[in-house]
Chemist: 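Got a structure for you, questions after.
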Amino acid sequence: MLTERQRLILNAIVDDYIRSAEPVGSRSISKRGDVGYSPATIRNEMADLEDMGYLEQPHTSAGRIPSHKGYRYYVDHLVPFKFTETSELKELKLLLAEKLNAMEQVIQHTSTILSHMTNYTSILLGPEVFHTSLRHFQLLPLGENMAVAIIVTSTGQVENKTVSLPANVSLSEMERVVNLLNTRLVGVPLYKLKARLYSEIAKEMERNVSEYEAFMKILDTAFDGEPDHRLYLSGTTNMLSQPEFKDVDKVKDIFDLLEETSTIMKIMTPSIGGTGVQVKIGTENDHEAFANCSLITASYSVEGEALGTIGILGPTRMEYGKVISILNMLSKNLTTMLTHRYK
């Protein structure tokens with residue numbers, strides 16, 4: 001548990017180091033108007049903070065820099081989340097409002113603007129679900145109580161799911177269900193299938209299908225799938241503008257990992273139940289290439305289902321307050337606008 005004085009000094013060191021990229025000494029901290037302690041007192045507290053693992057001392061300097069543990073404490077307890085809305089952010093919000101139908105262009109443009117605003121690397125995972133609709137549905141019996149539900153999408157993708165049939169269901173009843181779905185749902189975006197199933201199809205099924213509840217369970221399972229995604233990166237070379245990564249060899253592993261699309265998509269896929277802004281600092285990241293980086297992500301969703309993720313990758317010496325505020329604002333805006341558009 002840090003004392004109020006230690007919290008104040010740690011906050012000052014992190015702020016100064018984020019701004020200067022130079023180790024911070026007790027004398028420079030004492031000159032700050034918001035600290036108010038002598039260099040000797042600050043030195044003693046810095047030594048204690050180092051012993052507790054919140055600070056590190058580079059071999060070539062008498063100053064200190066934050067450790068990963070120090071950054072984590074800063075993010076969890078100290079970072080200010082005030083951010084002034086810039087002209088770029090206003091432009092982005094306007095773009096979201098005006099061009100929501102062209103989701104791919106919106107995501108690409110968002111990625112570019114974010115990398116310019118932060119001078120870090122932006123990584124966006126956008127759902128294919130907005131571009132893909134139902135072309136055809138089929139339900140083929142496999143035996144007495146089993147069938148395969150087949151969904152063919154507008155992009156030509158075919159998805160198969162094995163489902164259990166109600167006892168003694170007739171082929172004519174199955175055909176009636178399939179015809180109803182192909183009449184009413186062809187051309188509907190994949191994301192909207194479940195909503196349409198319950199808002200429109202359910203009543204008609206209840207009137208015309210004797211095993212109504214069993215078929216609803218089958219269709220609920222058939223339409224319950226993970227969305228495919230597209231990955232967008234922007235500002236990859238921004239890493240080279242950071243003092244920590246002036247040496248290209250130091251960022252080679254980062255660049256190599258960013259080229260592994262499947263790995264980055266896995267990193268960025270929204271976690272079940274994951275809400276709000278997530279911050280992974282240094283070794284908290286799953287891949288060694290990101291051991292000296294921080295990855296901040298925020299998911300956007302519709303009706304509680306996370307559909308995509310906005311992320312910023314930069315050095316651990318990152319402007320956390322600014323980035324967290326931007327991502328929090330954008331994810332909420334995207335969620336609100338997409339919910340309104342696709343509800």
Chemist: What pairs of residues pass the salt bridge (charged side-chain N to carboxylate O under 4.0 Å, His left out) test when at least one of them lies in residues 17-30, not counting sequence neighbours?
Modeler: Asp16-Arg19
Chemist: To the nearest 0.5 angstrom, please state how far the OH atom of Tyr120 sits from the CG atom of Leu114.
Modeler: 13.0 Å
Chemist: Apart from Val186 itself, what residues make up its hydrophobic cluster when side-chain heavy atoms of I, L, V, M, F, W and Y under 4.5 Å apart count as a link, directly or indirectly?
Modeler: none
Chemist: Side-chain donor-acceptor pair under 3.5 Å between Tyr198 and Asp220, yes or no?
Modeler: yes
Chemist: Going by the side chain to side chain contact (heavy atoms under 4.5 Å, CB included) test, name the single residue among Val178, Val148, Asn160 that passes it with Leu140.
Modeler: Val148
Chemist: Quick one: closest heavy-atom pair of Ser30 and Pro39, and the distance?
Modeler: OG-CG, 3.6 Å
Chemist: Could you tell me whether Glu213 atom CD has more than 12 heavy atoms of other residues or ligands within 6.0 Å of it?
Modeler: no
Chemist: Between the side chains of Ser241 and Asn119, does any donor sit under 3.5 Å from an acceptor?
Modeler: yes
Chemist: With rounding to the nearest 0.5 angstrom, report the CD1 to OG distance, Ile326 to Ser331.
Modeler: 12.0 Å
Chemist: Evaluate the criterion ring-ring contact (aromatic ring centres under 6.0 Å, His included) for residue pair Phe137 and Phe223; output intermediate values, then yes/no.
Modeler: CA-CA 10 Å; Phe137 177 79; Phe223 295 156; 5.8 Å; yes
Chemist: Salt bridge or not between Glu206 and Lys203? Use side-chain N to carboxylate O under 4.0 Å.
Modeler: no
Chemist: Any link between Ile150 and Leu165 through a network of hydrophobic side chains (Ile, Leu, Val, Met, Phe, Trp, Tyr) touching at under 4.5 Å?
Modeler: no
